[in-house]
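Just below is one structure, and these are the notes that go with it.
Chain naming here is simple, since letters A, B, ... match the order of the sequence lines and numbering starts at 1 in each. Since this is a predicted model, take the numbers as computed values, not measurements.
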Protein chains: 2
Amino acid sequence: MSQSDRTPRVRLVDVARAAGVSKTTVSDALNGAGRLPAATREHVQKVARALGYRPNATARLLRAGHTRLLGLAAREYVETPWVYADLAYFSQIVTATTQAALAHGYGVVLLPTYGPDDCWLDIPLDGVFVIDPVEGDPMVRDFLAAGVPVVADRRALAEVPVETREAGRWVDFDYGAAVRQVLDHLEAAGAERIAVVAGATTACFHQQSVRAYHEWCAEQGREPRIACLPAPGVEHTLQAVTELLAAPAPPDALFTLVELSPPLLLDTIRRLGRSVPGDLLLACTTEDSAACYTDPPISTLSFLPGETAQAAVDLLVDRLEGREGDPGHLFSADFRVRASSAVPERRGARRG
Amino acid sequence: MSQSDRTPRVRLVDVARAAGVSKTTVSDALNGAGRLPAATREHVQKVARALGYRPNATARLLRAGHTRLLGLAAREYVETPWVYADLAYFSQIVTATTQAALAHGYGVVLLPTYGPDDCWLDIPLDGVFVIDPVEGDPMVRDFLAAGVPVVADRRALAEVPVETREAGRWVDFDYGAAVRQVLDHLEAAGAERIAVVAGATTACFHQQSVRAYHEWCAEQGREPRIACLPAPGVEHTLQAVTELLAAPAPPDALFTLVELSPPLLLDTIRRLGRSVPGDLLLACTTEDSAACYTDPPISTLSFLPGETAQAAVDLLVDRLEGREGDPGHLFSADFRVRASSAVPERRGARRG
DNA sequence: TTGAAAGCGTTACCAG
DNA sequence: CTGGTAACGCTTTCAA
């Protein structure tokens, strides 16, 4: 690959010349194809090894017509240069995607989320998994227009010209339903003023969940108490929590929709003088497994990154290998009620 | 890319035919090369757009002779199929590598850590960053033999045939020194029985750090108290901690060398009936930023994933773009003393 | 200004 | 059983 080398790589033809045979024979000998006599095969292999020959991967790909490379992009915070390290959700998506891809013999390329438009089109990809596409996402549009199969969410696919849609597959959640499930639970547990921390992006998840919260509030005749963060970050998130809890007639429940270390959030709430669940019911959208080890364990809403990634890869690979599969897969979020949003009795007991 | 399509992709030559010009003209018109009259250029562009033409990435790469793709592999737990999601260190390495690569116009491919030997050689890579190579790592050997520049640690490079070593660069730490620094600190803070949780792999980091601990114990005439984990995982790690603390004459200091959520560890220690730093001094090797928000804040040892990744990419890119740069970069670990391993006064006060 | 043709390094088809 | 030769799809040099 390296062009800057003084010594150019040894090519198939070099081996052929050195071994006194043709390119075909070398190719066959090395790939176990054809029916060469063992002697020829071994001779060629020896020469190849002696010369340090390695096939050029790019040339093989051009020949093969596919690259067995899948792209992965997290688009939620397109503006801010890549911030997914602290986000357990994206970490787990990356891991699970890589594992699933590997199991099918595919590699995974982490795609740029920002930067010169179209730069992603220079990467030789067989398919792409786009997580949290933004509204009218150009990446989804471009790949689909280029005929590269894409897995995204239903909205992203609906936004794309119908004639390019054929290569699109989707994985999706009913985000609104998930949010309402948590709100209903908190209300049933006695919460009257539920505060929410959400993201201020055009990703489907945040748009739908914020909308669901507002609708829910309207139905219940309640005043929304919501902080929308334009970017992730521990500082800002804790700050938002602090401000929400400092409001006059402070909330008696908190529901976070952005990732934040659960033990840390718990600790912060305590330092603000509130007990959980005594003064404040708590439910977190998180993939951090630490949530069930805290005291009290924290109720969590999970969007199943492992399952999602697995499904996305399967969808992509089915399409790539010519199998007619499902057009997509709808998941249900996983809400686990734990002691942090406990039943009303306990709260009444404490206060009475 | 997708071969399974009924409708084969439209190629350069198709556009040329449709526009009534030659391939050259199309290429020039689309790439802004040559000095075509504006009319021709626009005409070609219009036809290309109408046909939905997208250049084939693989073919361009073959022509270009490079792929602008960098491989990234975490080799520490080669046996276990990819377990880096919960590990803040690897997450941050991935993010930082991607960012740094992007800044140079390179993409990043996540490499398989296990699976059919050599399968990584089929991926068209310009360079590779191998984190925590194992002893005699075949991945490092193969890429170097193939003339693909590699960044790893010094040991990995030393193990490779000298004639292929030219394409190797390194980033490294003096792990032993880092470990001794922490042990010395804990001792100065009054610890007499320091327990350690480490990994049982052949990665440089674990080998050197475990050795340093044993040497330090020997020098001090102390009995080592160490748990070595063959694989990561919250359960196992907490279990190891529990066992170490349950020993007769229990340790008065704990130093973890494997990643574990700091707030969670603190919580666990407390549930075992020990206070930090009162009963137990605590220092963690971790990249989790939550460590400085706990109460008490936790002393941490960091191996600077951000800086390491940045340096690795720079080393790779310098080599690829023909610049003569450094052969490698030696880092010093970042040890931050916080209240969890506080000065002896406080411990005396509590106990007296 | 435009086009024909020569690569890039591999694999695969067919003659010999 | 082997070796020429034609793709794969693009860029670029060089003539016209």
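Side-chain contact, B:Thr95 with B:Thr98: no donor N or O sits under 3.5 Å from an acceptor N or O.
Taking side-chain N and O atoms only, B:Ser27 has a distance below 4.0 Å to OP1 or OP2 of D:dT11. A:Thr40 has a side-chain polar atom (N or O) that falls below the 4.0 Å cut-off from OP1 or OP2 of D:dT2. For B:Asn31 and D:dT11, the shortest distance from a side-chain N or O to OP1 or OP2 is below 4.0 Å. Between B:Tyr53 and the phosphate of D:dC10, there is a side-chain N or O to OP1/OP2 separation shorter than 4.0 Å.
Distance from the side chain of B:Arg63 is smallest for D:dT12 among the nucleotides D:dT12, C:dT11, C:dG9. Checked against D:dT2, D:dA7, C:dC8, the side chain of A:Thr25 finds its nearest nucleotide in D:dT2. With distances taken from any side-chain atom of A:Pro55 to the nucleotides C:dC8, D:dG3, C:dT10, the minimum falls on C:dT10.
For the pair A:Phe90/A:Asp132, a side-chain contact is recorded, criterion being any heavy-atom separation below 4.5 Å from C-beta on. Residues A:Asp142 and B:Arg54 have side chains in contact (heavy-atom distance under 4.5 Å, counting atoms from C-beta outward).
Protein atom CZ of B:Arg54 is 17 Å distant from nucleotide atom P of D:dG9, rounded to whole Å. Between the CG atom of B:Asp28 and the C1' atom of C:dA4 there is a distance of 14 Å, given to the nearest Å. Rounded to an integer number of Å, the gap from CG of B:Leu62 to P of C:dT11 is 12 Å. Computed from coordinates, the A:Asn56 CG to C:dT11 P distance equals 10 Å when rounded to whole Å. One atom, CZ of A:Arg9, and another, P of C:dT10, lie 8 Å apart when rounded to the nearest Å. Summarising the geometry, the separation between CG on B:Leu12 and C1' on D:dT11 is reported as 9 Å, rounded to the nearest angstrom. Following rounding to the nearest Å, B:Asp14 (CG) and D:dC8 (P) show an atom-to-atom distance of 11 Å. The nearest whole Å value for the distance from the CG atom in B:Leu30 to the C1' atom in D:dT12 is 16 Å.
At a threshold of 4.0 Å, the pair A:Glu42-A:Lys46 does not count as salt-bridged, since none of the basic side-chain nitrogens sits closer than that to a carboxylate oxygen. No salt bridge links A:Asp122 with B:Arg68; every basic N to acidic carboxylate O contact stays at or beyond 4.0 Å.
As judged by a 4.0 angstrom heavy-atom cut-off over every strand, B:Arg60 is placed among residues touching the sugar-phosphate backbone only. Using a 4.0 Å heavy-atom criterion, one finds that B:Arg11 contacts the sugar-phosphate atoms exclusively.
Between A:Lys23 and B:Thr24, the residue whose closest nucleotide on DNA chain D is further toward the 5' end is A:Lys23.
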